[in-house]
Amino acid sequence: MEGKMLICSVLLLVFLVSGNNAQLDVCGTAPLNTKIVGGDDAPAGSWPWQVSLHRSSRHFCGGSLINNQWILTAAHCFASTSTSGLVVYLGRDSQQGLNLNEQSRGVSQVVKHPGYNDVTSDNDITLLKLSSTVNFTNYIRPVCLAANGSDFQTGTACWVTGWGTIRSDVSLPSPGRLQEVSVPVVSQNSCRQAYPTLTSNMICAGLTEGGKDSCQGDSGGPLVSKNASKWVLGGVVSFGIGCAQPNFPGVYARVSEYEAWIKSQISSNQPGFVTFIGNAVSASSPSIAHSLPLLLCILPVLLPLFVLS
């Protein structure tokens, strides 16, 4: 009996350790986001992973916090990998005025994907290492990343956020407040009719009739979808023809294609990767089959309780 109890204790410990990941515990949670349908201005704290990238005191691209020291954004935002004058704002709501929940950091490293092609926009993804770690709050926390093998099925509802222009006319001023828009995933075949050079490293989202899309200044920002309690980053704003044009959806770098590369660049405190299938999310936790020994250990303890009750 003592041997069986020891084995059960070890199994319980293994289960808890293998199912527990610091980033998975916190990533993709937005305590201040109770959103069901869309709007224009995003309430403060709705998208706590959204960051604003600045050079020369001007916003130029968005990005997503993926752990306490790394940002995921687009490669085309960086003609140069110089970190001079580069500032990341986290927890920002408005580009004008005071942001009481904000933190800012410099950048110590810009890591562009080595396969980025500035002609086809393939592999349009870049990592930024912050100069120091950030403290998580209700307004600042990381997003979960879509793991390799994720499947964002056609029609999956997603959200895009950013401070980009609200129409294709780049002469218009960018909005002061963070904007949000809901768009569905578009099939690869349909999207390829608009963009013949589309690759498997890309995912498309938008309405056939147009009217909702990311735009200039949103580049590098997040395309996220939620099921259960986790928001999952499926795409990084990459390119499109115009903004919100009929039959021309927005194109995003497909995050799930870069799990191995992201892990290879971040040596510690790995981001939280989850597998997104259609409208369902499964975290990287033991399967029922792997949990069976643990269940056999727990059942003898639980059964007497049911009998007594």
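- Within the 4.5 Å cutoff, the side chain of Val88 has heavy atoms near those of the Leu130 side chain.
- Taking every heavy atom of both residues into account, Val236 and Ala74 meet most closely at CG1-N, 3.9 Å.
- Between Thr83 and Gln109 the shortest side-chain heavy-atom distance does not fall below 4.5 Å.
- In this structure, Lys226 contributes its side chain and Ala157 its backbone to no donor-acceptor pair below 3.5 Å.
- Side-chain contact between Trp231 and Cys27: absent, with no pair of heavy atoms (C-beta onward) separated by less than 4.5 Å.
- Between Phe273 and Ile262, some side-chain heavy-atom pair lies under the 4.5 Å cut-off.
- Looking only at distances, no side-chain donor or acceptor of Glu102 sits under 3.5 Å from a matching main-chain atom of Gly91.
- Interatomic distance, CG of Leu32 versus CG of Asn138, reported as 5.0 Å (0.5 Å rounding).
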Report task. Kindly indicate, with the supporting measurements, whether the criterion side chain to side chain contact (heavy atoms under 4.5 Å, CB included) is fulfilled by Phe276 and Thr156. Result -> CA-CA 11 Å; Phe276 188 100; Thr156 298; 3.9 Å; yes

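- Going from atom NZ of Lys129 over to atom CZ of Arg105 covers 14.0 Å, rounded to the nearest 0.5 Å.
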Report task. Apply side chain to side chain contact (heavy atoms under 4.5 Å, CB included) to Leu65 and Val134, showing your working. Result -> CA-CA 10 Å; Leu65 183 69; Val134 297; 4.2 Å; yes

Report task. Would you sort out whether Ser256 and Asn148 count as a side chain to side chain donor-acceptor pair (under 3.5 Å), showing the intermediate values? Result -> CA-CA 5 Å; Ser256 59; Asn148 185 35; 5.6 Å; no

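- Considering CD of Gln270 and CD1 of Ile66, their distance stands at 9.0 Å, rounded to 0.5 Å.
- Cluster membership check: Tyr89 does not share its hydrophobic cluster with Leu128, using side-chain heavy-atom separations under 4.5 Å among Ile, Leu, Val, Met, Phe, Trp and Tyr.
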**Report entry** CA sep, side-chain torsions, deciding dist, call: Arg254, Gln188, side chain to side chain donor-acceptor pair (under 3.5 Å)
**Finding:** CA-CA 12 Å; Arg254 188 183 292 269; Gln188 292 293 93; 3.3 Å; yes

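- Looking at every heavy atom in both residues, Tyr139 comes nearest to Gly45 through CD2-CA, 3.6 Å.
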Report task. Take His54 and Phe60 through the ring pair (Phe, Tyr, Trp, His ring centres under 6.0 Å) test and state the conclusion after the steps. Result -> CA-CA 6 Å; His54 282 232; Phe60 68 94; 7.9 Å; no

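- By the 4.5 Å heavy-atom criterion applied to side chains, Cys158 and Val224 are not counted as neighbours.
- Two different hydrophobic clusters hold Ile71 and Val87 under the rule that ILVMFWY side chains link at heavy-atom gaps under 4.5 Å.
- Trp163 contributes a side-chain N or O that, together with a main-chain N or O of Asp93, makes up a donor-acceptor pair within less than 3.5 Å.
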Query raised in the report: Are Tyr258 and Asn123 close enough, and set up right, to give a side chain to side chain donor-acceptor pair (under 3.5 Å), and what steps lead you there?
Result: CA-CA 9 Å; Tyr258 301 98; Asn123 301 308; 2.9 Å; yes

**Report entry** From CA spacing to verdict: side chain to side chain donor-acceptor pair (under 3.5 Å), Ser52, Gln95
**Finding:** CA-CA 9 Å; Ser52 176; Gln95 295 291 353; 3.0 Å; yes

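- For the pair Asn99 (side chain) and Asn101 (backbone), a donor-acceptor distance under 3.5 Å is absent.
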Query raised in the report: Taking it one step at a time, do Ile140 and Gln103 satisfy side chain to side chain contact (heavy atoms under 4.5 Å, CB included)?
Result: CA-CA 8 Å; Ile140 301 172; Gln103 298 179 37; 3.4 Å; yes

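- The two residues Ala30 and Pro48 have their closest heavy-atom pair at CB-CD, 3.6 Å.
- Across all non-hydrogen atoms, the minimal contact from Met202 to Thr120 is CE-O, 3.5 Å.
- Looking at heavy atoms from C-beta onward, Val26 lies in side-chain contact with Phe136 at the 4.5 angstrom threshold.
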**Report entry** Verdict with supporting geometry, Asn117 and Asp124, side chain to side chain contact (heavy atoms under 4.5 Å, CB included)
**Finding:** CA-CA 7 Å; Asn117 185 318; Asp124 190 8; over 6 Å; no

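- Under the 4.5 Å side-chain contact rule for hydrophobic residues, Ile266 and Val111 share a cluster.
- Put simply, OH on Tyr195 and OG on Ser121 are 10.5 Å apart, with the number rounded to the nearest 0.5 Å.
- In terms of modelled atom types and a separation under 3.5 Å, the side chain of Arg192 and the main chain of Ser187 share no donor-acceptor contact.
- A single hydrophobic cluster is not seen to contain both Val186 and Tyr252; linkage of ILVMFWY side chains at heavy-atom distances under 4.5 Å, directly or through other members, places them apart.
- The backbone N or O of Ser82 lies less than 3.5 Å from a partner atom in the side chain of Ser80, making a donor-acceptor pair.
- The same ILVMFWY cluster, assembled from side-chain heavy atoms under 4.5 Å apart, contains both Val183 and Phe152.
- Just one of Asn68, Asn135, Thr29 meets the side chain to side chain donor-acceptor pair (under 3.5 Å) condition when paired with Arg141; it is Thr29.
- A pairwise comparison of heavy atoms in Val232 and Val274 identifies CG2-CG2, 3.5 Å as the closest pair.
- Between the OG atom in Ser131 and the CG atom in Leu86 there is a gap of 10.0 Å [rounded to 0.5 Å].
- With contacts defined as side-chain heavy-atom distances shorter than 4.5 Å, the pair Thr81/Lys112 qualifies.
- Note that CD1 of Ile125 and CG of Leu72 are 4.0 Å apart. Values are rounded to the nearest 0.5 Å.
- Contact check for Pro222 versus Trp49: side-chain heavy atoms found under the 4.5 Å cut-off.
- A donor-acceptor pair under 3.5 Å is absent between the side-chain atoms of Gln179 and the main chain of Thr161, judged by distance alone.
- Between Ser238 and Ser219, the closest heavy-atom pair is O-OG, 4.3 Å.
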